[in-house]
Amino acid sequence: MTDALSEHIHYLSMPHRSDLYRSAIKSAVPANASVVDLGCGVGVLGIFCLEAGARHVWGIDCSDSIYLAKETVTKAGLGDRYTCVGGSTFQADIGENVDALICDHVGYFGIDYGIIDMVRDAARRMLKPGGVIIPDRIELTVAGVSSDTCRDKASAWSKEIVPEHFHWIDDQARNSKYSHDFEPGELCSEPAALGVVTLDAESPEYFSFAAEITVKGDGIFDGLAGWFNAHLGADIWMTNSPLDPVSIKRSQAFFPVAEPFEVKSGDRIAISVRARSDGNFLAWSVKPPGGASVQKQSTWASTILAKNDLNAASGGPLELSSKAKARLFVLSLVDGDRTAGDIEAIVMRDQPDLMPSEHATLDFVRAVLNGNTDR
Ligand SMILES: C[S@@+](CC[C@H](N)C(=O)[O-])C[C@H]1O[C@@H](n2cnc3c(N)ncnc32)[C@H](O)[C@@H]1O
C-alpha cells in the first residue's frame with residue numbers, strides 16, 4: 001500500500017494536471033453522462049466527472065489504490081454514483097456501454113505505458129458509438145540530448161565501481177528507456193515533432209515515426225529525450241515538456257545511443273522511433289553525422305525473458321515447473337468447504353517440504369490462496 005500512497009500523491013501534486021482535467025471534463029463530458037475511468041488510481045478523475053454532473057462513474061484499477069478510491073468516494077458521499085472495479089481493465093465487464101472514457105495513462109513518452117491498447121480495448125467493449133475519449137490524441141516530441149547525468153545513467157553498469165563480471169549488462173542498459181527530468185541545457189537540439197497518435201477503437205498495433213533534428217552546439221550526443229502533449233478536449237492540452245512553463249512536471253523519457261558521439265553545431269541527425277501499442281516495445285535509431293553507422297536500440301533487447309516465457313513461445317510441448325506443481329497442489333485443496341487454515345494444515349501435514357522451510361511453505365500457501373500469482 002505504501003507504494004500506492006507515494007505513487008498517487010505524486011499524481012495529485014503535479015502542477016496544472018487537476019485543473020486541466022477539470023476543464024476538459026467540463027467541456028467534453030456531457031451532463032448526466034456515464035463514464036469509465038481506466039486505471040482510476042485513488043479515483044480522482046472520476047470524482048471530477050461526478051462533480052461536473054456525470055450520472056455514474058466506473059473506476060477500474062488493478063492495484064491496491066482501488067481500496068483508497070472506494071473509501072474516498074464513500075466518505076465524499078458519492079458512493080452510490082461511483083462503482084469501484086478491482087482488476088485489469090482488459091478483464092473488466094461493467095455490463096453497459098458508457099458515454100465517456102477517461103484516463104491518465106500517458107507515462108513519460110505518451111505511448112510507453114500501454115494507453116493505446118487500453119483505450120482501444122475499452123472503446124470497443126465499453127463505449128457507446130461516438131462516445132468521448134479523454135485524452136483522444138497524443139503528440140510526441142523528441143530532442144537530442146547532451147548530458148553528463150544521462151551519460152552516467154546509461155553507462156552505470158560498466159563503471160569501475162561495478163565488478164567487471166557485470167559489465168556485459170551495459171548492453172541491456174543502453175537498450176533501456178529511462179525517466180529523466182531534463183533541464184533545457186541538457187537538450188542539444190530544438191525539439192522535433194515526431195508524430196501523432198489517435199486513441200480510439202481503431203488504433204493500429206504498431207507505429208513507426210521519423211524526424212530530423214539539428215544540433216545547436218558542439219558536444220557529445222548521448223541520445224534522445226522524448227515527451228508528450230496529450231489533447232484532453234476543446235483547446236486543452238496536457239504536456240510534460242521540459243520547455244513548457246505550464247508543464248505538469250512529470251519526468252520525460254531518455255533513450256540512450258549505444259555509443260555517444262561528437263557533434264557540431266548545425267549537424268543534422270535522422271532519427272526513427274517504432275512502438276508497439278501495448279507500450280512494451282520501443283525501438284529507436286539515430287544516424288550520426290559524417291556517414292557513421294546508424295545506432296539502433298530497442299527495449300526488446302533489454303527484456304529479460306524467463307525460461308517459462310521462452311517455453312510458451314517455443315511452440316513445443318510444455319511442462320509444469322516445480323512451483324506450478326506446488327501451486328496446483330494448493331489450489332486442488334480448495335473445495336468450497338475447507339478454510340484457509342484447513343488447507344494450510346493439510347499442506348503442512350502432507351507436503352511440508354513444498355518449499356525449502358516450513359516458514360516458506362506456509363508463506364507460499366497463503367500467497368497462493370490470496371491469489372498472488374508472483375509466488
Ligand atoms: C498513471 S496512474 C493514474 C491514476 C489516476 N487515474 C490519476 O489520474 O491520478 C495509472 C493507474 O492505472 C493502473 N493500471 C495500469 N494498468 C492497468 C490495467 N490494465 N487495468 C487496470 N488498472 C491499470 C495503475 O495501477 C495506476 O493506478
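Start at 1 and go down the list; that is how both ligands and their atoms are numbered.
- Within a 6.0 Å sphere centred on CZ of Phe207, heavy atoms belonging to other residues, nucleotides or ligands number more than 12.
- For ligand 1, the polar-atom distance check finds an N/O of Asp61 within less than 3.5 Å of one of the ligand's N/O atoms.
- Residue-ligand proximity: Cys103 is placed with every non-hydrogen atom at 4.0 Å or more from ligand 1.
- In this structure, of His10, Arg17, His8, the residue bringing a heavy atom nearest to atom 9 (O) of ligand 1 is Arg17.
- With 3.5 Å as the limit, one finds no donor-acceptor pair spanning the side chains of Ser147 and Asp222.
- Atom 4 (C) of ligand 1 has its closest protein heavy atom at Gly39 O, 3.4 Å.
- Looking only at protein heavy atoms, the nearest one to atom 20 (N) of ligand 1 is Thr89 N, 2.9 Å.
- The single protein non-hydrogen atom nearest to atom 5 (C) of ligand 1 is Cys40 O, 3.4 Å, given as residue, atom name and distance.
- Ile25 has its side chain out of reach of Arg22: every pair of non-hydrogen atoms, C-beta onward, lies at least 4.5 Å apart.
- Of the protein's non-hydrogen atoms, the one nearest atom 18 (C) of ligand 1 is Met118 CE, 3.5 Å.
- Only the side chain of Val44 comes within 4.0 Å of ligand 1, judged by heavy-atom distances.
- Ligand 1 places these atoms under 4.0 Å from at least one heavy atom of Asp104: 1 (C), 3 (C), 8 (O).
- When heavy-atom distances to ligand 1 are checked against a 4.0 Å cut-off, Phe90 comes that close only through its side chain, counted from C-beta outward.
- In this view, Tyr113 and His105 satisfy the ring-ring contact (aromatic ring centres under 6.0 Å, His included) rule, not counting sequence neighbours.
- Of the listed options Gln91, His105, Arg250, His105 places a heavy atom closest to atom 15 (C) of ligand 1.
- Every atom of ligand 1 is numbered from 1 in the order shown, and the set under 4.0 Å from a heavy atom of Ser88 is 19 (N), 20 (N), 21 (C).
- At under 3.5 Å, not a single nitrogen or oxygen of Glu7, backbone or side chain, sits near a nitrogen or oxygen of ligand 1.
- Between Leu38 and ligand 1, a contact under 3.5 Å exists for no N or O pair.
- Classification of Arg276 and Glu205 as a salt-bridged pair fails, no side-chain N sitting under 4.0 Å from a carboxylate O.
- Ile60 and Gly87 make their closest contact through CG2-O, 3.6 Å (heavy atoms, listed as atom of the first residue, atom of the second, distance).
- One finds no salt bridge joining Lys264 and Asp267 here, because no Lys/Arg side-chain nitrogen approaches an Asp/Glu carboxylate oxygen to under 4.0 Å.
- At under 3.5 Å, a nitrogen or oxygen of Cys62, whether backbone or side chain, sits near a nitrogen or oxygen of ligand 1.
- We find that Arg349 and Glu358 are not joined by a salt bridge, their nearest charged nitrogen and carboxylate oxygen being 4.0 Å or further apart.
- When hydrogens are left out, the protein atom nearest atom 2 (S) of ligand 1 is Tyr11 CE1, 3.3 Å; that is the closest non-hydrogen contact.
- Near Gly87, with a cut-off below 4.0 Å to any heavy atom, the atoms of ligand 1 are 20 (N), 21 (C).
- Between Asp112 and Lys177 a salt bridge is recorded (basic side-chain N to carboxylate O distance below 4.0 Å).
- In this structure the side chain of Ile138 never reaches within 4.5 angstrom of the side chain of Asn229, judged on heavy atoms.
- In this structure, Lys159 pairs ionically with Asp152, as a charged nitrogen and a carboxylate oxygen lie closer than 4.0 Å.
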